[in-house]
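This report refers to the structure that appears directly beneath it.
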Amino acid sequence: MPELPEVEHAARCLRAWALSGRILAVETDPRAERIFRPGSGAALARALAGRRVASVRRLGKHLLLELAGGGPLGLLSHLGMTGKWVRRLPGEPPPSHVRASLVLEGGAVLHYRDPRLFGRLRVVPGARFELLPELGALGPDPIAAGIDPVRLAALLGRTRRPVKVALLDQRILPGVGNIHASEACFRARIDPRRRADRLSPGEVARLARGVRATFDRALSALGAGEEIAYVEEGGENPFLVYARAGERCPRCRRAAIRRIVQAQRSTYFCPACAAGAARPAASASASRARASASRG
DNA sequence: ACCCGTGTTCGCTG
DNA sequence: TCAGCGAACACGGG
């Protein structure tokens, strides 16, 4: 369940579970090699066995683990769409779709579960995370570093894409995903179809606060401090507009939440109270479709 | 059967 | 040259 808040939750879990004991053994699913690329499951197992987790950091949706007990070594974990770290105590059966398992001293096992195989788990030699291009491209973490509205305005001003699509670009505010992009636009009262480079400085500032607010809301639901609050699935939808197509807008109560598709992803918004009554930019694909239709 | 999905990468196009 | 777009990856759930 991975956008920034869920990855933060995973980081807290891993700290609580893995910072003490050594990793005695590692198993990997041979049918999941794509997760371990450009390395391999066998290389991952060899690299981790006998070490212990010294620290767990998070940058956007990436988990950065440093391992002690040998030369410097890092482990980079990205949860993709369906990745999740779960712990099983001795005697408990593993969940389905386990792609890697770390057997800890004492018998607990950390399982990396990922049905769709969109995640990544790779060894970082020397723990030199800063050398990885996919991390170097990311902006500062919006929670750890805060959001600089001047920087945000500069980056948004550089693209003509719809603002909600631009928010999914991890170079801008790493950790924002499809849910929180819709939620942030709604909180900021900005039509998600507006061109990113046409937002006023005030609107960008509102958007920055909207991102912060939707993240803070999700993070507070995780439970504070040491205790790991289990977020059970199948509960109430905790979001303001996400997956609420057809429901009455919780702010203006006048219109129904709409679902549209942008960049092949669902977007939810209130057509009445999303400001930006200023006409949203026509998408390039819609323009092409009209041009093609008018040609007959 | 069909559609949808909390993410990223790659190749094509204008 | 490059921003933007859409397919692809892979599998479960409604």
Side-chain angles (χ1 to χ4, degrees), chain A residues 1-11 29-38 58-63 76-85 95-99 112-122 132-138 155-185 193 195-197 211 214-215 217-219 221-222 231-246 259-268 281-289 291-292:
Chain A
M1 299 171 56
E3 287 184 37
L4 183 149
E6 300 293 346
V7 180
E8 177 61 28
H9 182 239
D29 177 353
R31 292 170 308 175
E33 281 296 322
R34 55 172 287 126
I35 287 176
F36 310 116
R37 289 184 314 196
R58 181 193 53 73
L59 175 56
K61 299 170 189 172
H62 296 264
L63 291 165
L76 182 68
S77 169
H78 191 293
L79 304 177
M81 196 92 105
T82 55
K84 192 171 192 174
W85 284 97
S96 61
H97 304 97
V98 168
R99 309 311 187 182
Y112 175 63
R113 172 179 198 269
D114 188 358
R116 285 176 75 176
L117 304 176
F118 287 166
R120 284 297 161 90
L121 204 52
R122 56 180 285 202
L132 300 178
E134 65 264 44
L135 293 188
L138 299 181
L155 291 174
L156 292 178
R158 209 175 289 167
T159 178
R160 302 158 66 92
R161 289 177 297 175
V163 56
K164 187 267 188 172
V165 176
L167 281 175
L168 297 178
D169 185 336
Q170 299 297 290
R171 294 171 298 189
I172 297 180
L173 294 175
V176 175
N178 198 45
I179 293 177
H180 291 285
S182 276
E183 294 288 296
C185 289
R193 301 167 293 182
R195 260 176 59 166
D197 60 353
V211 170
T214 188
F215 279 162
R217 175 76 200 266
L219 286 168
L222 297 179
V231 185
E232 291 302 334
E233 304 182 13
E236 295 270 299
N237 175 356
F239 303 111
L240 298 174
V241 291
Y242 183 79
R244 293 194 182 279
R259 172 187 180 271
I260 61 173
V261 174
Q262 296 180 292
Q264 304 170 293
R265 316 294 306 275
S266 290
T267 298
Y268 299 88
S283 76
S285 62
S287 303
R288 271 200 304 277
S292 151

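No experiment lies behind these values; they were computed from the predicted model shown. Reminder, nothing fancy here: chain letters follow the sequence lines and each chain counts from 1.
- With sequence neighbours excluded, no residue satisfies salt bridge (charged side-chain N to carboxylate O under 4.0 Å, His left out) with A/Arg113.
- At whole-Å resolution of the value, CG in A/Leu79 and C1' in C/dC9 are 17 Å apart.
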Would you write out the dot-bracket form of DNA chain C, 5' to 3', with Watson-Crick and G-U pairs under 3.5 Å, [ ] for crossing pairs, | for pairs to other strands and . for unpaired bases? .||||||||.||||
Take A/Arg99 and A/Asp114 through the salt bridge (charged side-chain N to carboxylate O under 4.0 Å, His left out) test and state the conclusion after the steps. CA-CA 7 Å; A/Arg99 309 311 187 182; A/Asp114 188 358; 5.9 Å; no
Anything under 3.5 Å between a protein N or O and an N or O of nucleotides 7-10 of chain B, put it in a table, one pair a line.
{"unit_1": "B/dG7", "atom_1": "OP1", "unit_2": "A/Lys61", "atom_2": "NZ", "d": "2.7"}
{"unit_1": "B/dG7", "atom_1": "OP2", "unit_2": "A/Asn178", "atom_2": "N", "d": "3.0"}
{"unit_1": "B/dG7", "atom_1": "OP2", "unit_2": "A/Arg265", "atom_2": "NH2", "d": "3.1"}
{"unit_1": "B/dT8", "atom_1": "OP1", "unit_2": "A/His78", "atom_2": "NE2", "d": "2.8"}
{"unit_1": "B/dT8", "atom_1": "OP2", "unit_2": "A/Lys61", "atom_2": "NZ", "d": "3.0"}

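- Within the 4.5 Å cutoff, no side-chain heavy atoms of A/His180 are placed close to those of A/Leu167.
- Rounded to the nearest Å, the gap between the C1' atom of B/dT6 and that of C/dG4 is 23 Å.
- Taking the salt bridge (charged side-chain N to carboxylate O under 4.0 Å, His left out) definition, one finds that A/Arg259 meets it with nothing, sequence neighbours left out.
- Atom CZ in A/Arg37 sits roughly 11 Å away from atom P in C/dC9 (whole-Å rounding).
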Between the protein and nucleotides 12-14 of chain C, which nitrogen or oxygen pairs come in under 3.5 angstrom?
{"unit_1": "C/dG12", "atom_1": "OP1", "unit_2": "A/His97", "atom_2": "NE2", "d": "2.8"}

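- Atom CG of A/Leu117 is separated from atom P of C/dA8 by 18 Å (rounded to the nearest Å).
- The number of heavy atoms from other shown groups lying within 6.0 Å of CZ (A/Arg171) does not exceed 12.
- Separation of the P atoms belonging to B/dT8 and C/dG13 is 23 Å when rounded to the nearest angstrom.
- Spacing between atom CZ of A/Arg195 and atom C1' of C/dA3 amounts to 12 Å, rounded to whole angstrom units.
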Mind running salt bridge (charged side-chain N to carboxylate O under 4.0 Å, His left out) on A/Asp197 and A/Arg161 for me, showing each step along the way? CA-CA 8 Å; A/Asp197 60 353; A/Arg161 289 177 297 175; over 6 Å; no
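- Using cut-offs of 30° and 60° for the angle between ring planes, the A/Tyr268 and A/Tyr242 rings count as perpendicular.
- At least one side-chain heavy atom of A/Lys164 sits less than 4.5 Å from a side-chain heavy atom of A/Ser182.
- Contact check for A/Lys61 versus A/Gln170: side-chain heavy atoms found under the 4.5 Å cut-off.
- The nucleotide whose nearest atom lies closest to any side-chain atom of A/Glu6 is, among B/dT6, B/dG5, C/dC11, B/dT6.
- For the salt bridge (charged side-chain N to carboxylate O under 4.0 Å, His left out) test, residues two or more places apart in sequence or in another chain that qualify with A/Arg58 are A/Glu8, A/Asp141.
- To the nearest angstrom, P of C/dA10 lies 13 Å from CZ of A/Arg31.
- With rounding to whole Å, A/Arg171 atom CZ is found 12 Å from C/dC2 atom P.
- Distance NZ (A/Lys84) to C1' (C/dC11): 17 Å, rounded to an integer number of Å.
- Of the residues listed (A/Leu138, A/Leu79, A/Val7), the one engaging A/His62 in a side-chain contact (heavy atoms from CB on, under 4.5 Å) is A/Leu138, and it is the only one.
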